[in-house]
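Below is one structure, written out as structure tokens; comments come after it.
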Amino acid sequence: MAEQQQFYILLGNLMSPDNDIRKQSEEAYDTIPGQTKITFLLQAIRDAACAEEVKTMAAVLLRRLLSSSFEEIYPGLTVDMQMAIKTELVTSIQTEASPNIRKKVADIAAELCRNLLDDDGNNQWPELLKFLFDSVNSDNVGLREAVISALLQTMEDQTNPRVQAHAAAALINFTEDCPKSLLIPYLDSLVQHLHVIMVAKLQELIQKGTKLVLEQVVTSIASVADTAEEKFVPYYDLFMPSLKHIVENAVQKELRLLRGKTIECISLIGLAVGKDKFMPDASAVMQLLLKTQTDFNDLEDDDPQISYMISAWARMCKILGKEFQQYLPVVMGPLMKTASIKPEVALLDTQDMENMSEDDGWEFVNLGDQQSFGIKTAGLEEKATACQMLVCYAKELKEGFVEYTEQVVKLMVPLLKFYFHDDILFMGVLITSAESMPLLLECARVRGPDYLTQMWHFMCDALIKAIGTEPDSDVLSEIMHSFAKCIELMGEGCLNNEHFEELGGILKGKLEEHFKNQELRQAKRQDEDYDEGMEETLQDEDENDVYILTKVSDILHSVFSSYKEQVLPWFEQLLQLIVQLVCPSRPWADRQWGLCIFDDVVEHCSPSSFKYAELFLRAMALSLCDTSPEVRQAAAYGVGVMAQYGGENYRPFCTEALPTLLGVIQSPDSKVKENVNATENCISAVGKVMRFRPECANVNEILPHWLSWLPLNEDKEEAVHTFDFLCDLIESNNPIVLGPDNANLPKIFQIIAEGVANESVKSEDACSKRLANVIRQVQGSGGLWTQCVAMLNETQQKAIQDLLNTA
């Protein structure tokens, strides 16, 4: 303790204005052994009782010590001592109250991290990087500032390019994981540092040919722009000229990766800042890309520019929209070539396998009987990217992509039959293949129904078979989702009897498997080996099962909405399994999706649906008060569709359900975040009962309450229903809604304005024209118009003006 106190005095004397005292102190400091210095300096930094100027001096000296004498001191420390230093620095960054000291400690950590890179560039302090990344999401603003300061300072170390490159890589991870809202306060500092470093490294490239850091800095810029989005607009002109210069001039073979990354950076910046800002450069950038593309056939198969180019074209398509169509003849050839890469496969015995290494890009699945199936994964990443880009073109260009739909369908459909799943890249290809199907049908619509039907027939069998055989839940869910979208798009008549028979058997199997898996999980919970780790695994399995259940619901929804009540005899093979889902003893997710399926039966198959009513009405009534908001939402939606579509038979149930709905809406916690969607469905259901089954409600008594609950902000679909009903009431001059002498109109204006501002109602919704007409009628009434507008805040006034301009 006495030695530490003497050291504090020494630190104070090192800052003395008296030259003699300062000189004596420096000589005394130099005689202290390195390990002792580190111990004393760390103690001074973390000592809360120590004066800030002394702590600052200690931090400066420790950083200087690690910078100038690292090799002499640090390797001689014990492993425990080295670990203690690292731990102490990280702890101080987290706990230090002074922003100035915290920043200086972060600088020490950055210095130590720099010195802990070995000759191969491997980081010997991975815990620090994890700490830096974790700090991004910290609520502690000072901690985030210290982290960014450390990264930027490390990047500016011009004497050590490898360290700069690692710091830039850390910054890339930082910005990729960083939410936009957290990045914005540091954006200006980040961008200015990156620009200074880029200019310096560009000069270095020209003079010395060194490119490592420039590659990482270009990727850092891209990552910052990607996260910052429109907030990057002010910095666009700072970077674009230099980036275009790199693409134009980095034509040597050894600069291919730099050129590819720069192409990626330009396209990401264009996407971030938007079409208006990017358009003045768009033509020049497109010409640069076209020049590279025309040389595409001369590029070697492993040229890194290829994958960057493919992704850049897709981003350019998103930026330019329909204007991109003119470039398709140039980009599609190489893209299809890459998407058509066929992985090398082989059936091997044990002897053959020993001669083939996974290091050569082979992966194996054991088939038993000393046989294995092998796949060479080289090229799969490029194939996966190319397939994703084809999906992007189909999504963005729609009918503008029709010339290529046939060849893309012939490429994508066979991919559904490939069952090698150990490789995550090929799983990505399969998911993309499934995702493409409804998009390609949409593109092909412009060619007429015969062409569309022909394309669907090519897809349909493969999709159904894949649903029956696909073992991976992620891939399976995407295939099921796409199949449902295709049925919605194609409509009645798209499935023949054989399709229905096969589909029915598959869906029945999925539901039976769902129940069986739940039983197995319950049995495992009784096992003597059951622990927290197993429970986590079981919950993951349960989530996967429930997700597949949602896709079963999607497919049934698409079948019911396309075929209506004529499909009910086919549905009856699944009926008892769906009834089982809504039993009160089932988990909430089962009950939610079981009710959703019955909601669809009522909505699309009424009045015939009533023959099943005794199987689900009691469950639906109980579910209106369920503890799970998801179950309440599904039940409330069901009441709404019964009122709207169910017919006379459902009238008693609507009457019985109404008081429960009102009770749920008026409960104290109805508007808290987790309950709001369920509550809004209850409000919508009350509106539908009053609108379609007024005999079931005391409309005059409920209407004032209902009006006070509007608008709905979360459930956009139900919001449109409520606005439609509101328009009915206003157009019929309902005295309760309008109030005496139109006294309620200012409140109605507020409801409409909020709905538009929150995008609960959009210009394409039919009710938007009706709402605009209501406003226009008031507009001509002088004083009433002034009174209504005066009640609106600035955002609401703008929303009203937007509605008038677009509807």
Considering all heavy atoms, the nearest Leu803-Ser768 contact
CD1-O, 3.8 Å
Flag the pair Leu328 / Leu397 as yes when at least one side-chain heavy-atom distance between them is below 4.5 Å, and no otherwise.
yes
Exercise: identify the closest heavy-atom pair between Ile221 and Cys265
CG2-SG, 3.9 Å
Just how far is it from atom CZ of Phe278 to atom CG of Leu271, taken to the nearest 0.5 Å?
9.5 Å
Output yes when a side-chain donor or acceptor of Asp226 lies under 3.5 Å from a complementary backbone atom of Ala222, and no otherwise.
no
Which pair of non-hydrogen atoms, one from Val217 and one from Leu194, has the smallest distance, and what is that distance?
CG1-O, 4.0 Å
I want to check something: taking the side chain as every heavy atom from C-beta on, are Met480 and Ile548 in contact at a cut-off of under 4.5 Å?
yes
Give, for atom CE of Met286 and atom OG of Ser283, the distance between the pair rounded to the nearest 0.5 Å.
9.0 Å
In terms of heavy-atom contacts, Asp724 and Cys767 come closest through OD1-CB, 3.2 Å
Is there side-chain contact between Val331 and Leu289, with heavy atoms separated by less than 4.5 Å?
no
Under the side chain to side chain contact (heavy atoms under 4.5 Å, CB included) rule, what do Lys318 and Arg315 come out as? Steps first, then yes or no, please.
CA-CA 5 Å; Lys318 286 181 179 176; Arg315 292 189 198 102; 5.5 Å; no
Can you tell me if Glu396 uses its side chain to pair, donor with acceptor, with the backbone of Tyr393 under 3.5 Å?
no
Greater than 12 external heavy atoms within 6.0 Å of Lys322's NZ:
yes
Hey, is the main chain of Gln216 close enough, under 3.5 Å, to the side chain of Ser220 for a donor-acceptor pair?
yes
Using only atom types and a distance under 3.5 Å, with no angle test, would you say the side chain of Thr227 pairs donor to acceptor with the backbone of Val224?
no
Is there a side chain to side chain contact (heavy atoms under 4.5 Å, CB included) between His195 and Phe239? Walk through the geometry before answering.
CA-CA 7 Å; His195 182 249; Phe239 292 102; 3.9 Å; yes
Between the CD atom in Glu754 and the OG1 atom in Thr795, the distance rounded to the nearest 0.5 Å is 10.5 Å
Calculate, to the nearest 0.5 Å, the distance between atoms OG and NZ belonging to Ser340 and Lys337 respectively.
10.5 Å
Has Glu674 got more than 12 heavy atoms of other residues, nucleotides or ligands less than 6.0 Å from its CD?
yes
Please check this pair: side chain of Asn758 against backbone of Ser760, looking for a donor-acceptor N/O pair closer than 3.5 Å.
no
Grab the two heavy atoms, one from Asp472 and one from Val475, that are nearest each other, plus how far apart they are.
OD2-N, 3.0 Å
Among all residues two or more places apart in sequence or in another chain, which pass the salt bridge (Lys or Arg N to Asp or Glu O under 4.0 Å) test with Lys485?
none
Are side-chain heavy atoms of Cys443 and Glu399 found at a separation under 4.5 Å?
no
Taking side chain as C-beta onward, heavy atoms only, is Leu335 less than 4.5 Å from Trp313?
no
For a 4.5 angstrom cut-off between non-hydrogen side-chain atoms, does Val761 reach Ile752?
no
Please determine whether side-chain hydrogen bond (donor to acceptor under 3.5 Å, both in side chains) holds for the pair Arg256 and Gln305, giving the CA-CA distance in whole Å, both sets of side-chain angles, and the decisive distance to 0.1 Å.
CA-CA 6 Å; Arg256 295 179 307 179; Gln305 291 178 93; over 6 Å; no
Taking side chain as C-beta onward, heavy atoms only, is Met240 less than 4.5 Å from Ile269?
yes
Does Lys291 reach the side chain of Val247, with side-chain heavy atoms less than 4.5 Å apart?
no
Short side-chain to backbone donor-acceptor contact, Ser267 and Ala312, under 3.5 Å:
no
Apply side-chain hydrogen bond (donor to acceptor under 3.5 Å, both in side chains) to the pair Asn677 and Asp715, showing each step before the final yes or no.
CA-CA 6 Å; Asn677 275 55; Asp715 195 316; 4.8 Å; no
In Å, rounded to the nearest 0.5 Å, how long is the span from CG of Leu205 to NZ of Lys201?
10.5 Å
Rounded to the nearest 0.5 Å, the CD atom of Gln801 sits from the OG1 atom of Thr806 at a distance of 10.0 Å
Does Phe723 form a side chain to side chain contact (heavy atoms under 4.5 Å, CB included) with Val756? I'd like the steps, not just the answer.
CA-CA 11 Å; Phe723 275 118; Val756 175; over 6 Å; no
Can you check side-chain hydrogen bond (donor to acceptor under 3.5 Å, both in side chains) on Asp474 and Tyr547, steps first, answer last?
CA-CA 9 Å; Asp474 289 336; Tyr547 196 54; over 6 Å; no
Can we say Asp554 and Lys551 salt-bridge, meaning some charged N sits less than 4.0 Å from an Asp/Glu carboxylate O?
yes
Less than 4.0 angstrom from a charged side-chain N to a carboxylate O is my criterion; do Glu264 and Lys261 meet it?
no
Could you pull out the closest heavy-atom pair between Leu712 and Ser684, with the gap in Å?
CD1-CB, 4.3 Å
Gln750 side chain vs Met791 backbone, donor-acceptor pair below 3.5 Å
yes
For Lys231, does the NZ atom have more than 12 heavy-atom neighbours from other residues, nucleotides or ligands under 6.0 Å away?
no
Can any side-chain N or O of Thr679 pair as donor or acceptor with the backbone N or O of Asn675 at less than 3.5 Å?
yes
Just wondering, are more than 12 heavy atoms of other shown residues or ligands nearer than 6.0 Å to NZ in Lys275?
yes
Determine yes or no for a side-chain-to-main-chain donor-acceptor pair under 3.5 angstrom, with Gln252 supplying the side chain and Glu254 the backbone.
no
Any donor-acceptor N/O pair, Ser482 side chain to Glu478 backbone, under 3.5 Å:
yes
Would you check, one step at a time, whether the test side chain to side chain contact (heavy atoms under 4.5 Å, CB included) holds for Ser436 with Leu390?
CA-CA 8 Å; Ser436 72; Leu390 290 170; over 6 Å; no
More than 12 heavy atoms of other groups within 6.0 Å of Lys716 NZ:
yes
I'd like to know if Glu230 and Lys180 make a salt bridge, using a cut-off of under 4.0 Å between side-chain N and carboxylate O.
yes
